[in-house]
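Below is one structure, written out as structure tokens, with a few remarks after it.
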Amino acid sequence: NSVKIIDDFKSLNSPVFVKKNNLQNTNNVFIYSHNQIYSFDSSSLNHQIIYTTKNKINDIFKDIETNIIWVSTNKGLIKLTKNDGSIITINLPKEIPNPIFSIVQDSNETIWVTYKSNEIYSYSKSGIWKRFEFKDKKCHFGNLSVNKKNIIISSDIGVFKIENNKLTKI
């Protein structure tokens, strides 16, 4: 096996992140920095810029059903629609300060976001926001992950889960 160095990503500012495309049986991944997102085919090494912003990109997620790419930034939540090329900024509840830190989607197509506080928000397909709060204000939630029917959340005081609309520490 050999390593092939790709220098076409010189325009990416550090740090650089890799996120697996959620489509099954695909070689595509997303490579992104704080200001650009590329779609990258790991078998052919072909790539293209799909989004550039002056805002700081914190995380991305691709909805496999709708083909929408969700982008969490220091200015909020962005919805990229590939079919018509639209870029939509989702209005956040007033309680959510920027930046959105982590983003995932569950099997019900609900979007979940954290922003480095003791709160987690969900955004349903019907456009309804719901807040989940841990009582300790010193807790700061970090990365989100989906595990079957649970949302798993890292924090600076341990690991949490949301199951059946209830937030509990594991």
Side-chain angles (χ1 to χ4, degrees), residues 12-24 29-38 40 50-81 87-170:
L12 284 173
N13 296 324
S14 293
V16 175
F17 307 94
V18 175
K19 187 92 171 214
K20 184 180 178 204
N21 190 332
N22 294 326
L23 299 175
Q24 300 200 356
V29 295
F30 293 111
I31 296 177
Y32 66 101
S33 68
H34 288 308
N35 304 104
Q36 290 181 315
I37 302 172
Y38 284 83
F40 177 71
I50 58 172
Y51 182 64
T52 300
T53 181
K54 292 180 183 176
N55 298 325
K56 180 183 173 195
I57 298 170
N58 294 317
D59 198 7
I60 62 174
F61 178 83
K62 183 165 186 179
D63 181 329
I64 60 173
E65 304 241 349
T66 64
N67 214 22
I68 291 171
I69 299 171
W70 293 91
V71 183
S72 63
T73 73
N74 65 325
K75 297 292 183 186
L77 188 58
I78 308 295
K79 180 179 174 182
L80 303 176
T81 308
I87 299 172
I88 301 165
T89 300
I90 302 299
N91 291 325
L92 301 174
K94 292 177 185 172
E95 301 84 33
I96 302 180
N98 292 319
I100 299 290
F101 180 74
S102 184
I103 182 170
V104 295
Q105 183 179 37
D106 67 18
S107 60
N108 295 322
E109 298 182 34
T110 299
I111 299 294
W112 295 85
V113 298
T114 60
Y115 65 94
K116 293 282 191 178
S117 77
N118 65 323
E119 298 174 333
I120 297 164
Y121 283 81
S122 65
Y123 182 70
S124 69
K125 323 192 261 197
S126 58
I128 308 277
W129 285 98
K130 184 173 182 178
R131 180 174 65 107
F132 297 82
E133 180 180 16
F134 185 64
K135 62 186 175 284
D136 184 352
K137 299 274 186 205
K138 293 178 184 173
C139 174
H140 294 102
F141 292 122
N143 291 314
L144 297 164
S145 180
V146 178
N147 180 7
K148 298 181 184 175
K149 294 185 178 186
N150 300 327
I151 304 298
I152 307 298
I153 310 108
S154 68
S155 81
D156 54 356
I157 64 168
V159 178
F160 291 76
K161 71 177 179 176
I162 295 178
E163 182 177 31
N164 299 321
N165 282 320
K166 185 174 180 183
L167 175 66
T168 55
K169 190 171 180 183
I170 300 176

Steps toward side-chain contact (heavy atoms from CB on, under 4.5 Å) verdict (Asp59, Tyr32)
CA-CA 9 Å; Asp59 198 7; Tyr32 66 101; 3.5 Å; yes
For Asn74 and Lys56, indicate whether the former's side chain and the latter's backbone hold a donor-acceptor pair under 3.5 Å.
yes
Look up atom CD1 in Ile120 and atom CG in Leu144, then write down how far apart they are to the nearest 0.5 Å.
6.0 Å
In this structure, CG of Leu80 is separated from CH2 of Trp70 (nearest 0.5 Å) by 10.0 Å
May I ask you to check whether Lys62 and Asn67 show a side-chain donor-acceptor distance below 3.5 Å?
yes
Candidates Trp112, Tyr121, Phe160, Phe132 - the one meeting ring-ring contact (aromatic ring centres under 6.0 Å, His included) with Phe141
Phe160
Where do Ile78 and Thr73 land on the side-chain contact (heavy atoms from CB on, under 4.5 Å) test, with the steps shown first?
CA-CA 8 Å; Ile78 308 295; Thr73 73; 4.0 Å; yes
Nearest 0.5 Å, please: how far is CZ in Phe30 from CZ in Phe61?
10.0 Å
Chi angles and distances behind the side-chain contact (heavy atoms from CB on, under 4.5 Å) call for Val104, Asp106
CA-CA 7 Å; Val104 295; Asp106 67 18; over 6 Å; no
Do the side chain of Asn118 and the main chain of Phe134 share a donor and acceptor less than 3.5 angstrom apart?
yes
Would you say Ser155's side chain and Val159's backbone share a donor-acceptor pair under 3.5 angstrom?
no
Can you check whether Ile60 reaches Ile103 side chain to side chain, under 4.5 Å on heavy atoms?
no
Could you tell me the separation between the NZ atom of Lys130 and the OG atom of Ser124, rounded to the nearest 0.5 Å?
10.0 Å
Going through the checks in order, is the side-chain contact (heavy atoms from CB on, under 4.5 Å) test met by Ile37 and Val71?
CA-CA 9 Å; Ile37 302 172; Val71 183; 3.8 Å; yes
Measuring from Asn143:CG to Ile153:CD1, what's the distance to the nearest 0.5 Å?
11.0 Å
Aromatic ring proximity Tyr123/Trp129, centre distance under 6.0 Å
yes
Would you say Asn150's side chain and Ile152's backbone share a donor-acceptor pair under 3.5 angstrom?
no
Going by an N to O cut-off under 4.0 Å, is there a salt bridge joining Lys135 and Glu133?
no
Using a 3.5 Å cut-off and no angle test, enumerate the donor-acceptor pairs between side-chain atoms of residues 162-170 and protein atoms at least two apart in sequence or in another chain.
| unit_1 | atom_1 | unit_2 | atom_2 | d |
| --- | --- | --- | --- | --- |
| Glu163 | OE1 | Lys161 | NZ | 3.0 |
| Lys169 | NZ | Ile157 | O | 2.9 |

Among Thr52, Ile57, Thr53, whose side-chain contact (heavy atoms from CB on, under 4.5 Å) with Gln36 holds?
Thr52
With rounding to the nearest 0.5 Å, note down the distance linking CD in Glu119 to NZ in Lys137.
6.0 Å
If you compare all heavy atoms of Ser122 against all heavy atoms of Thr110, which two are closest, and at what distance to 0.1 Å?
CB-CG2, 3.6 Å
